[in-house]
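Encoded as structure tokens, the structure appears first; notes follow it.
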Amino acid sequence: MNRSVLTDCLRATRSQSIRLRGSGVWLPTLGVPALAAGLAALVLWSIETVAGEEADPWGEVLQAAFGLWAILLLPLVIALVAAQVAGTEHSARGWKHLFTLPVWKGAHIIAAWTAVAVLTATATAALTAGVAGAGAAVSMLRPEVGLPPVPVWDLLRAATLVYACSLLLVSVHLWLSLRWPSVGVGLGVAVGGVLTNVVLLNLGAGAVTPYGLAPMALMSDHTGLALVGLAGGAVVLAGAVVHLSRRDAAT
Amino acid sequence: MAQYAVQTESLSRRYGDVHAVQGVDLAVPTGSVYGFLGPNGSGKTTTIRLLLGLVRPDSGHVRLFGTPFTPQSRSGLLARVGALIEEPSLYRGLTGIENLEATRVLRGLPRSAVGRSLEIVGLAPSDAARRVRTYSQGMRQRLGLALALLPRPDLLVLDEPANGLDPDGLQDLRGVLVRLRQEGRTTVLVSSHQLGEVERVATDVGVMREGRLVRQGLLADLLRQTPGPVRIRVRDPERAVGALARCGTEATCRGETVLLEPPRASSDTSLDTATAAAVRVIVEAGVEVFEVKAEAPTLESFFFSSAEETSHTNTRP
């Protein structure tokens with residue numbers, strides 16, 4: 001990569017982190033995974049006792065928490081975070097300022113993408129930590145349940161798989177949010193995508209839309225879908241950079 | 001050093017059927033304070049956006065510091081430019097200092113640039129440490145100016161910087177522009193509706209109308225070519241104005257005098273002929289005339305005298 005482009009991207013990312021201070025972007029990033037982790041805690045707490053070698057309490061928990069996360073909560077978190085990151089510029093009429101600076105225009109888009117990707121990673125990590133913490137707490141407070149130790153590797157594997165798949169959604173929603181200032185556009189697309197995906201999953205259609213990647217990867221443990229998420233995310237990001245850099249900066 | 005900090009050649013841009021900017025040949029001399037004038041919708045902001053690469057021209061070229069503005073030269077040229085376009089782009093949840101930091105980091109400037117810029121615009125450290133959402137309009141405008149001055153620009157582009165400023169704010173802005181003019185290292189292109197303010201600081205002006213640059217040149221030269229109003233001291237000003245009105249001559253009462261506006265630039269009548277005719281009408285109406293005095297032309301009289309011009313007039317060689 002050209003050195004000045006790399007420097008521009010690093011500067012833009014640093015500046016983006018300053019601009020996001022006080023933007024409230026942490027609320028969906030940590031609040032929504034806390035909901036899913038709370039659900040995991042409820043499932044774990046409701047277990048009377050783990051009986052027999054066939055019992056797989058952690059399997060149920062991972063299915064419940066990560067399933068809910070991958071199908072419903074993750075797209076909503078990404079849509080909300082992308083809207084907030086883009087909204088920081090829209091509400092400050094920041095584009096006309098940023099695009100008059102001696103920085104490659106695409107660097108601002110890449111910096112915004114990096115911010116959303118890092119916040120999505122943080123949300124996924126918060127969910128993982130929350131589920132593990134809930135398991136550790138139940139083991140400590142109710143030893144009579146006989147809960148097996150936290151399956152750290154299974155948790156990390158599920159989290160990594162879901163996160164890699166989510167990068168395509170990160171690119172799609174950031175593009176939408178940067179293009180249209182209204183939060184409603186990104187959220188509307190996310191809700192529509194989630195509902196369509198639920199119907200398609202029930203019909204056994206598989207990962208037809210970007211919203212189906214993470215749930216399908218989780219259900220089938222298919223690492224190839226993670227690669228689709230990574231590659232698709234990169235391609236869509238490249239499209240967003242080309243499109244948004246060439247647009248007139250009206251505000 | 002290039003003769004012109006900004007030069008455009010047949011710059012044009014359309015929005016649908018509307019010609020926002022048509023064949024503009026702007027020439028902003030290096031080291032000048034260039035007042036960019038024109039009514040709302042005349043194409044000033046679009047021209048400024050074209051100069052900075054925010055919108056792309058349909059045709060024509062832009063040169064900054066003698067170098068064509070291209071995707072390849074863009075970063076190098078913009079490193080020498082500071083801009084404040086309409087309302088400043090500020091992050092209201094951040095403090096003034098954080099706003100400056102966000103831009104300083106992007107420009108790769110040293111930390112000292114923030115303090116220096118705040119000092120130039122006179123924003124106190126205690127105010128700069130407050131969140132922008134608590135700022136008055138004047139303070140926001142001042143912070144916007146500090147953002148534009150952050151890189152010690154060779155070219156400062158200000159689009160309506162006086163919007164929303166109270167008299168104190170206007171005075172401060174004028175002070176900054178005068179200081180920059182005296183230092184002589186920064187060329188300033190400032191668009192404004194405040195003709196009196198522009199006249200106090202500008203060395204050069206350009207007038208836009210309906211997307212075209214109709215007049216451009218050294219302010220002193222343009223004013224020399226512009227007739228000022230004529231003040232006629234009379235016994236009964238109201239009767240004199242009434243008599244003039246009946247003859248179709250525009251005049252107003254100002255205390256004991258009658259103020260006669262100069263003929264439009266498009267008119268065939270010279271100022272001398274119009275004055276002689278007016279005096280004749282007043283005397284024939286039985287009003288005594290004590291004194292006839294031509295006033296010095298102002299930027300306002302120049303602006304209105306160019307109101308009907310549609311062709312480009314450039315006083316530069």
Side-chain angles (χ1 to χ4, degrees), chain A residues 2-27 84-112 114-115 178 181 241-251, chain B residues 13 15 20 45-46 48-58 64 71-95 97-109 131-133 140 143-144 147-148 150-151 153 155-157 159:
Chain A
N2 185 314
R3 189 166 167 265
S4 70
V5 167
L6 190 62
T7 306
D8 283 356
C9 288
L10 290 172
R11 282 178 181 169
T13 305
R14 217 178 128 204
S15 175
Q16 178 79 66
S17 71
I18 296 173
R19 300 200 301 274
L20 282 177
R21 285 179 199 165
S23 68
V25 78
W26 291 107
L27 201 67
Q84 272 190 292
V85 169
T88 311
E89 303 311 329
H90 293 314
S91 62
R93 300 169 180 228
W95 296 111
K96 67 179 161 68
H97 173 63
L98 293 177
F99 282 1
T100 58
L101 298 178
V103 175
W104 174 52
K105 289 180 181 178
H108 302 298
I109 317 297
I110 291 173
T114 306
L178 290 174
V241 166
V242 171
H243 170 230
L244 297 169
S245 303
R246 293 174 63 86
R247 286 191 80 225
D248 290 344
T251 56
Chain B
R13 170 70 198 223
Y15 291 107
T45 297
T46 302
I48 286 175
R49 286 171 183 265
L50 286 163
L51 299 181
L52 297 168
L54 287 173
V55 298
R56 283 180 296 171
D58 295 330
L64 297 184
Q72 291 72 36
S73 66
R74 176 183 167 276
S75 280
L77 292 174
L78 289 181
R80 300 171 62 188
V81 178
L84 170 59
I85 302 163
E86 295 173 316
E87 271 189 40
S89 303
L90 300 173
Y91 303 91
R92 296 165 63 85
L94 302 185
T95 65
I97 289 176
E98 285 171 333
N99 268 279
L100 289 166
E101 274 295 310
T103 296
R104 181 193 71 77
V105 165
L106 272 168
R107 283 187 175 273
L109 298 170
R131 288 193 192 283
V132 169
R133 69 165 61 100
R140 281 202 288 269
L143 182 60
L147 278 170
L150 209 52
L155 171 64
L156 180 64
V157 180
D159 187 15

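Just so we're on the same page: letters track the sequence lines, and every chain starts at 1. Values below: all heavy atoms of this structure, side chains included; hydrogens, waters and symmetry mates excluded.
In this structure, B:Arg74 and A:Lys105 have side chains that are in contact, with non-hydrogen atoms separated by less than 4.5 Å.
In terms of heavy-atom pairs under 4.5 Å with chain B, the best-connected choice from A:Ala92, A:Ser17, A:Ala12 is A:Ala92. Among B:Ala79, B:Ala148, B:Gly93, the residue with the largest count of heavy-atom pairs under 4.5 Å with chain A is B:Ala79. Among the candidates B:Ala83, B:Gly108, B:Gly53, the residue making the largest number of heavy-atom pairs closer than 4.5 Å to chain A is B:Gly108.
The contact between A:Thr100 and chain B is made by backbone and side chain atoms together, counting heavy-atom distances below 4.5 Å. Neither the backbone nor the side chain of B:Arg140 comes within contact range of chain A; no heavy atoms are under 4.5 Å apart. The part of B:Arg104 that comes within reach of chain A is its side chain, from C-beta onward, which places non-hydrogen atoms under 4.5 angstrom from that chain.
Residue B:Leu52 holds its CG atom at 11.0 Å from NZ of A:Lys96, rounded to the nearest 0.5 Å. Atom-to-atom distance recorded for B:Leu84:CG and A:His97:NE2 is 10.0 Å, nearest 0.5 angstrom. Between the CG atom of B:Leu106 and the OG1 atom of A:Thr13 there is a distance of 9.5 Å, given to the nearest 0.5 Å. To the nearest 0.5 Å, the span separating CD1 on A:Ile18 from OG1 on B:Thr95 amounts to 10.0 Å.
The 12-atom threshold is not exceeded at CZ of A:Arg14, counting heavy atoms of other residues, nucleotides or ligands nearer than 6.0 Å.
Under a 3.5 Å cut-off, the side chain of A:Ser15 and the backbone N or O of B:Thr103 do not form any donor-acceptor pair.
Nearest heavy atoms, A:Phe99 versus B:Leu54: CB-CD2, 3.5 Å. Nearest heavy atoms, A:Arg19 versus B:Ala102: CG-CB, 3.7 Å.
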